Amino acid sequence: MTTPYTFDHNAFAAALQATYGHLTDGEESGDVVNVAGRVMLLRSQGKLAFATLRDSSGEIQLFLLSAVAENFEEFTKLHLGDWVGVTGEVVRTKRGELSVKVHTWVRLAEALHNFGDKWAGIADFDLRYRHREADLWANPETRQALTRRSAVVRAVRQRCWDQGFMEVETPILNAVPTGAAARPFRTHHNALDSAFFLRIAPELWLKRLVVGGYERVFELGRVFRNEGVSPRHNPEFTSLELYAAYWNYEDMMTFTEELVAGVALDVLGTTEVEYQGRPFSFATPWPRRTMAELVSETLGESLSVHTPRERLVELLARYDVTAQPSWGPGRCLEELLGEACGEQLWHPIFVTDFPVEISPLARRHQADPELTERFESYAAGRELSNGFSELIDPVDQRARFEDQARLAAAGDDEAMQIDEDFVKSLEWGTAPDRGLGRRH
RNA sequence: GCGCCGAUAGCUCAAUUGGCAGAGCAUUUGACUCUUAAUCAACAGGUUCCGGGUUCAAGUCCCGGUCGGCGCACCA
């Protein structure tokens, strides 16, 4: 089969729908356009034929009269999914459908597979995930999701630039996987004959740029965690991390909520959204509550990182959670938040003042050395971001890493390893700074 | 990793207590000058995921495997 190598394309379906919305039933515009796309539906009716053409922007009907269109018979034998390019006049049919009345047309490519049932689309998950290109044509909601994701990435990047953050790229292959609590992927460098890990977070590299004198940096990119796979968890996912010198963590929370609300406005035009049929609002400001307050309120008794561990373990048992021997009061408190406070985390909220025990890279709280100046934002019950005043004291940082190493020795395969180069970098002295991670 | 469920025509799905494997759409052929998942008529289309077993007889029951979905666990 020989098909043309190019097509003089000059119009998109969605733009035609918008531009010619005023045409009345049976009216002909006199304007000739060239559109191209896939034939998704074909209705042939003797000396007339109608086809639904879909392109990247939307759909428009093709209208053919045997007396007008060239090669009319051949058109009616097209297969669903075939690519065509057509030249014709923009008209509205007698029955009111905006159409391109075809003068000439050409088949640009043949589809050897169909795109599923024309009503049900493709339902087979295996086929949808292994052949996303088919899914994109068969199921418009897939295309919308991907388009929106691209718009979100663009809006995030633009807003970071607008706030004076410089975009950087840091190493993905690392000798030590660090910056988060997660199991890494291993790989091997042949020339160096040494083991490397795919990064689980860019955190420490970005902090070293702050040590190096950049006040505001961010990185948007893939990180890799060796964990379970599900529709909500991808072993490789995109994260945003940014660092700002001189900000306090209240500043970082304000930046966070304005970034999320702003991106929602940029992409959707509103901060009012719905997830799993339940509405919520990204409108700022978001409430800021300490972890101890939220847990105490929900369980009806005063609890904090200073509560005896035994009591916290008892409370966890109510939720069928068995505290591991390595869990101190801080870890227990965090587990209680996750188990008991799901409902409070539906509408966007900041949970603040995390225990130092579970925050090895965060600076201690000015009011309580057992806590850190760390917050996480939640929406729809899921963590959106994690931010804190960065620990800049190399002595304390080394001690925290050593605590982590003890956890690792005790069998915690997600505990951090000591990153000597990072500790050394802090020894040169760092401006006080705040970091933010946002992961999807 | 554990548990539950599923796999039948190109696609979406049926098939009663074990008793001749079906429909719609798509494909092929024909009719049709305003259709909208067009309609009407006809033809064709099958290793019932794979391998064993029980039975006169297995899509259906039993065992093993592969792939997938959901839940749990892990996590963002």
Side-chain angles (χ1 to χ4, degrees), chain A residues 25-28 39-54 59-69 72-73 75-82 91-99 101-102 110-131 134-135 137-139 179-184 200-201 203 222-241 319-322 324 334-335 338-339 345 358 376-387 412-415 436-440:
Chain A
D25 293 358
E27 186 177 358
E28 306 196 332
V39 174
M40 300 306 287
L41 295 171
L42 186 56
R43 298 174 289 280
S44 162
Q45 192 182 314
K47 297 202 168 60
L48 292 179
F50 303 88
T52 301
L53 183 80
R54 185 179 295 171
E59 295 183 344
I60 190 158
Q61 178 168 269
L62 304 180
F63 171 42
L64 288 87
L65 286 166
S66 62
V68 174
F72 177 87
E73 280 298 317
F75 189 92
T76 64
K77 295 188 171 92
L78 286 171
H79 288 177
L80 300 189
D82 283 354
V91 304
R92 190 177 293 283
T93 59
K94 289 180 195 170
R95 294 293 178 88
E97 185 72 28
L98 189 71
S99 307
K101 190 165 106 180
V102 176
E110 183 178 11
L112 298 180
H113 303 289
N114 67 35
F115 287 93
D117 186 271
K118 67 186 178 186
W119 187 241
I122 297 176
D124 186 284
F125 280 89
D126 200 28
L127 185 60
R128 286 181 64 172
Y129 289 127
R130 287 175 202 265
H131 288 282
D135 189 24
W137 284 102
N139 302 304
R183 285 175 290 175
I200 56 176
E203 173 141 352
R222 287 291 170 104
V223 298
F224 308 86
R225 297 186 183 180
N226 214 335
E227 292 163 351
V229 182
S230 79
R232 305 223 179 295
H233 291 92
N234 191 331
E236 50 174 311
F237 60 93
T238 301
S239 83
L240 168 69
E241 281 201 20
Y319 298 95
D320 292 325
V321 175
T322 307
Q324 302 299 309
E334 184 198 31
E335 293 285 334
E339 293 297 324
L345 306 180
I358 54 170
E376 287 188 351
S377 67
Y378 288 83
R382 303 186 62 198
E383 183 188 331
L384 274 191
S385 67
N386 175 13
D412 183 344
D413 55 7
E414 293 188 348
L436 178 71
R438 181 191 159 88
R439 306 203 164 86
H440 287 280

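Note that the structure is predicted; figures quoted are calculated from it, not measured.
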Task: Given RNA chain B, 5'-ward residue of the pair R382(A) and G96(A), judged by closest heavy atom - done: G96(A)
Open item on the list: Using the C1' atom as the point on both nucleotides, what is the distance between U54(B) and C63(B), in whole Å?
Closed with: 11 Å
Task: Nearest-angstrom distance from the residue atom CZ of F115(A) to P of G10(B) - done: 17 Å
Open item on the list: Regarding G24(B), can its base be found pairing with the side chain of D117(A) as donor and acceptor, where the two atoms are less than 3.5 Å apart?
Closed with: yes
TODO: Determine the interplanar angle of the F115(A) and W137(A) rings, folded into 0 to 90°, and report it as parallel if under 30°, tilted if 30 to 60°, perpendicular if over 60°.
DONE: tilted
TODO: Would you indicate which nucleotide in A76(B), U33(B), A38(B) comes nearest to any side-chain atom of E383(A)?
DONE: A76(B)
Task: Separation of S239(A) OG from N386(A) CG (nearest 0.5 Å) - done: 11.5 Å
Open item on the list: Distance check needed: C11(B) C1' versus F125(A) CZ, whole Å only.
Closed with: 16 Å
TODO: Select base, sugar-phosphate, or nothing to describe what D126(A) touches, counting heavy atoms under 4.0 Å on all strands.
DONE: sugar-phosphate
- [ ] Just call it for K118(A): base, sugar-phosphate, or nothing, with non-hydrogen atoms closer than 4.0 Å on any strand.
- [x] sugar-phosphate
- [ ] Name the residue closer to the 5' end of RNA chain B, choosing between G121(A) and E227(A) according to the nucleotide with the nearest heavy atom.
- [x] G121(A)
Open item on the list: I need the NE2-P distance between H79(A) and G10(B), as an integer number of Å.
Closed with: 16 Å
TODO: Under 4.0 Å between any heavy atoms, over every strand shown, what does G228(A) touch: base, sugar-phosphate, or nothing? Just pick one.
DONE: base
Task: Whole-Å distance separating the CG atom of N114(A) from the P atom of A26(B) - done: 10 Å
- [ ] Would you classify R130(A) as touching base, sugar-phosphate or nothing, given that sugar-phosphate means primed atoms plus P, OP1 and OP2, and contacts are heavy atoms under 4.0 Å?
- [x] sugar-phosphate
Open item on the list: At 4.0 Å (heavy atoms only), tell me whether D124(A) reaches a base, stays on the sugar-phosphate, or touches nothing.
Closed with: sugar-phosphate
Open item on the list: Taking any heavy-atom pair under 4.0 Å as a contact, classify S44(A): base, sugar-phosphate, or nothing.
Closed with: base
TODO: Evaluate the side-chain proximity of E110(A) to D82(A): yes if any heavy-atom separation is below 4.5 Å, no if none is.
DONE: yes
- [ ] Compare all side-chain heavy atoms of V102(A) with those of F72(A) and state whether any distance is below 4.5 angstrom.
- [x] no
